[in-house]
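Just so it is clear: chains get the letters A, B, ... in the order the sequence lines come, proteins before strands, and each one is counted from 1.
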2 protein chains.
Amino acid sequence: MQKITSKHIAEICGVTRGTVDRALNNRPGIKPATREKILKAAEELGYRPDYLGQSLVRGETRTLGIVMFDVHNRIFAQLFHAFEEVARSHGYFVYLVLSHKDQAVEIEYIHNLIDRRVDGIALNPINEGAAFESLLQKTRTPILTFGNELSAHFPHIWIDDQAAIQDAVNHIAVKGYQHILYVSPPLRFKGRENIHVPEQRYAGLQSALQQHPDISHTVITSKDYVDAIHAELQKSFRRTAILCTSDIFALEVLKSLKDAGMDVPHEVGVMGFDNIDMLNYIDPPLTTVDYQVEDIGRRLADSLIRRIQGEVVPSRTIVTHSIMERSSL
Amino acid sequence: MQKITSKHIAEICGVTRGTVDRALNNRPGIKPATREKILKAAEELGYRPDYLGQSLVRGETRTLGIVMFDVHNRIFAQLFHAFEEVARSHGYFVYLVLSHKDQAVEIEYIHNLIDRRVDGIALNPINEGAAFESLLQKTRTPILTFGNELSAHFPHIWIDDQAAIQDAVNHIAVKGYQHILYVSPPLRFKGRENIHVPEQRYAGLQSALQQHPDISHTVITSKDYVDAIHAELQKSFRRTAILCTSDIFALEVLKSLKDAGMDVPHEVGVMGFDNIDMLNYIDPPLTTVDYQVEDIGRRLADSLIRRIQGEVVPSRTIVTHSIMERSSL
DNA sequence: CTGAAAGCGCTAACAT
DNA sequence: ATGTTAGCGCTTTCAG
């Protein structure tokens, strides 16, 4: 069974493809009778316009691309959900591509998306630098970023990471802690990949600590951060809070502390970041930094579509965050 | 800055587009010198072939579509990850579309995928019935299913849900439980949407219980299954196991039992299904049914691509499962 | 070795 | 009101 095209319909109805087009897209200049005949034939044959042909001539594909590291971290699954929903409501499809934090993969994917003529791209980049940005600038495809920021050429939607960590540190200070173990494994990739988010958070840590000269701290960036934490806990006898830059780190930490028989928060405090929904099932309930990641997803889709339609969108949009106090600290 | 096409290159090099094509896709019948010239020009201009044009003439888009309910349930996020990885390694892109368990949305999306000429579709359907299947059959686009099964026309890759629940019940029996609260909220949509998976599991429950006439049971399908469970627990004083058809239900149950101050597993046993990775962080550790969902994702992509290339794939592929014993039961 | 022409499926401008 | 033609960007066949 051959795929049926407008040409077939034209032949069957004894008219030309131009006329078929007029009927299908109900444009003026066609006799009601022939229109009916054509529509009926199309209906019966189960005709569906080919999107490739349409896209080629229209110059738009009504497709968005979203590039993220992976979808294991719940925060990105949630973001995607919201993004997809808004996109669909505007008639856009979305390609979800995962860079797996691999710089080459990311570049290949971006090229592919552009070659496929997506109308716009939302990107959480793992690449950075002038070469990368000029690559992105070569295309007229609108690109927005989230997570790791690029230069101001690319509108960015995210939270204020610096302020968020500052708030976290202040919260820790208020709770009377004297020492902070700051857990941010991605920091060790500094200079090799785009770690704008971890760096911003780290900057927030530094500036907050200046307000609290009484609080000492240790930064942990190793892959085996759990082991590193336990080693650190041996050394110091000051009242310690473990501040993790992601809930998924905090969950690992919590688990290992439990295994080691340590009491949270009495022996040591733990704080996370993201407020992923699975925290509902965790004990002890984790204090963390909360923000509406769905809001980010929605705004990304919305702004991207606006840009596609020629509107100017703000180069920076900050979504609010807050401290979600529970009982791990 | 205008997008550059093979036409531009042809003009610049003073040749025709056919020759440009020969150079770009290094086909024979071209003088090395002109080939060099063309490749150089293409390189300098940053030429990239347009995928729409290519797809139109080649008759393939090298794109796969995967349709699932959502990506909140971790099991589907994991499946997608594996699917995407295999697809990419074969040069395929993937459209991830979410039906949100809405039948109309699913149908609209499937139409869209076909109109966009995806080369194949992996589908966990929420629709069912002859009308739906004939809609799917109208296209020559290969379609595989996972999760809810359709008829044998659509190759299916999944676990043996019946056997899995039977194993779960046997495990519960061995542990000496006398009563089972079977939690499967989707069952209440029977007749309205495709709930093949829940039904298979339910069938597994029934047949297993025939082997254990001493075990009584109650089936819970209400949306407020947590409340229903607590009501049931009041009534019976037999040793009770709560068998949930998804870990996410089990997590909710565990949480509510904890809030109610009930001891698991001594006062009541709980068992889940899926062995999602977040179980690592849960206390008490949840006994559940384990299977390699990544394996399903990989096989889906692999088989789909085979079918696209004309191979015949088995109409049914069963991935193994096992009981993951922890300490909630 | 290269050019000319046709076609993938669609839309749009221009004739009749 | 309908037909004709051209073109989106690419590939492919057939001439030269």
Side-chain angles (χ1 to χ4, degrees), chain A residues 2-39 41-42 45-63 111-112 114-119 139-141, chain B residues 2-39 41-42 45-63 111-112 114-119 139-141:
Chain A
Q2 169 65 28
K3 174 171 185 186
I4 77 125
T5 75
S6 73
K7 201 162 97 182
H8 296 148
I9 300 188
E11 285 168 2
I12 288 169
C13 296
V15 297
T16 161
R17 304 167 68 210
T19 309
V20 171
D21 187 60
R22 276 179 271 255
L24 259 27
N25 302 340
N26 54 304
R27 270 205 294 275
I30 181 173
K31 187 161 54 177
T34 44
R35 153 168 297 146
E36 285 313 315
K37 182 172 62 176
I38 292 169
L39 290 181
L45 295 171
Y47 169 78
R48 297 224 111 223
D50 186 305
Y51 218 84
L52 287 186
Q54 287 187 148
S55 297
L56 197 57
V57 60
R58 291 215 248 258
E60 66 162 16
T61 55
R62 290 236 143 207
T63 304
H111 273 142
N112 270 302
I114 294 170
D115 294 347
R116 282 161 181 267
R117 298 257 210 108
V118 296
D119 297 331
T139 175
R140 321 139 315 277
T141 311
Chain B
Q2 171 66 26
K3 174 174 186 184
I4 78 124
T5 75
S6 74
K7 201 161 98 181
H8 296 147
I9 300 188
E11 286 168 1
I12 289 169
C13 295
V15 296
T16 160
R17 305 166 68 208
T19 309
V20 171
D21 187 60
R22 278 179 269 256
L24 259 27
N25 301 340
N26 55 304
R27 270 205 295 273
I30 181 173
K31 188 162 52 177
T34 43
R35 154 168 297 148
E36 286 312 315
K37 184 171 64 174
I38 291 170
L39 289 181
L45 295 172
Y47 170 77
R48 300 224 108 223
D50 186 305
Y51 217 83
L52 286 187
Q54 288 188 146
S55 297
L56 197 56
V57 61
R58 290 215 249 258
E60 66 163 16
T61 55
R62 290 236 143 206
T63 304
H111 273 142
N112 270 300
I114 294 170
D115 294 347
R116 283 159 180 267
R117 295 255 212 112
V118 295
D119 297 330
T139 175
R140 321 136 316 277
T141 312

Within the 4.0 Å heavy-atom criterion, would you say [X] contacts the bases, only the backbone, or no part of the nucleic acid?
X       : answer
I30(A)  : sugar-phosphate
Y51(B)  : nothing
R117(B) : sugar-phosphate

Measuring from atom CD of E11(A) to atom OG of S6(A), what distance do you get when rounded to the nearest 0.5 angstrom?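 Separation between the atoms: 10.0 Å.
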Which side-chain N or O atoms in residues 29-37 of chain B pair as donor and acceptor under 3.5 Å with protein atoms at least two apart or in another chain?
from   : atom 1 : to     : atom 2 : distance (Å)
T34(B) : OG1    : K31(B) : O      : 2.7
R35(B) : NH2    : R27(B) : O      : 2.8
K37(B) : NZ     : C13(B) : O      : 3.4

Rounded distance (Å) that lies between atom [atom2] of [N] and atom [atom1] of [X]:
X       : N       : atom1 : atom2 : answer
R116(A) : dG9(D)  : CZ    : C1'   : 16 Å
L56(A)  : dA12(C) : CG    : C1'   : 14 Å
L52(A)  : dG7(C)  : CG    : P     : 19 Å
D50(B)  : dT11(D) : CG    : C1'   : 13 Å
I38(B)  : dC1(C)  : CD1   : P     : 13 Å
N26(B)  : dC1(C)  : CG    : C1'   : 16 Å
Q2(A)   : dG7(C)  : CD    : C1'   : 14 Å
R58(A)  : dG7(D)  : CZ    : C1'   : 15 Å

Phosphate OP1/OP2 of dT2(C) contacted by T34(B) side-chain N/O (<4.0 Å): yes
So, OP1 or OP2 of dG9(D): does either fall under 4.0 Å of a side-chain N or O from Q54(B)? no
Sub-4.5 Å side-chain heavy-atom contact between K3(A) and D50(A): yes
Is the closest side-chain heavy-atom distance between L56(B) and R117(B) below 4.5 Å? yes
Of all the heavy-atom pairs spanning S55(A) and L52(B), show the shortest one and how long it is. CB-CD1, 3.8 Å
For A42(B) and L24(B), which heavy atoms make the closest approach, and how far apart are they?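 Looking at all heavy atoms of both residues, the shortest contact is CB-CD1, 4.2 Å.
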If you check every side-chain atom of [X], which of [options] has the closest atom?
X      : options                 : value
T19(A) : dG9(C), dG3(D), dT2(C)  : dG3(D)
K31(A) : dA1(D), dG7(D), dT11(D) : dA1(D)
R22(B) : dC14(D), dG9(C), dC8(D) : dC14(D)
V57(B) : dC1(C), dG7(C), dG9(C)  : dG7(C)

Can you check whether T61(A)'s main-chain N or O pairs, donor with acceptor, with T63(A)'s side chain at less than 3.5 Å?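 Confirmed, T63(A) side chain pairs with T61(A) backbone.
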Using a cut-off of strictly less than 4.0 Å between a heavy atom of the residue and any atom of DNA chain D, enumerate the qualifying residues of residues 7-16 of chain A by number.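 DNA chain D contact set from residues 7-16 of chain A: G14(A), V15(A), T16(A).
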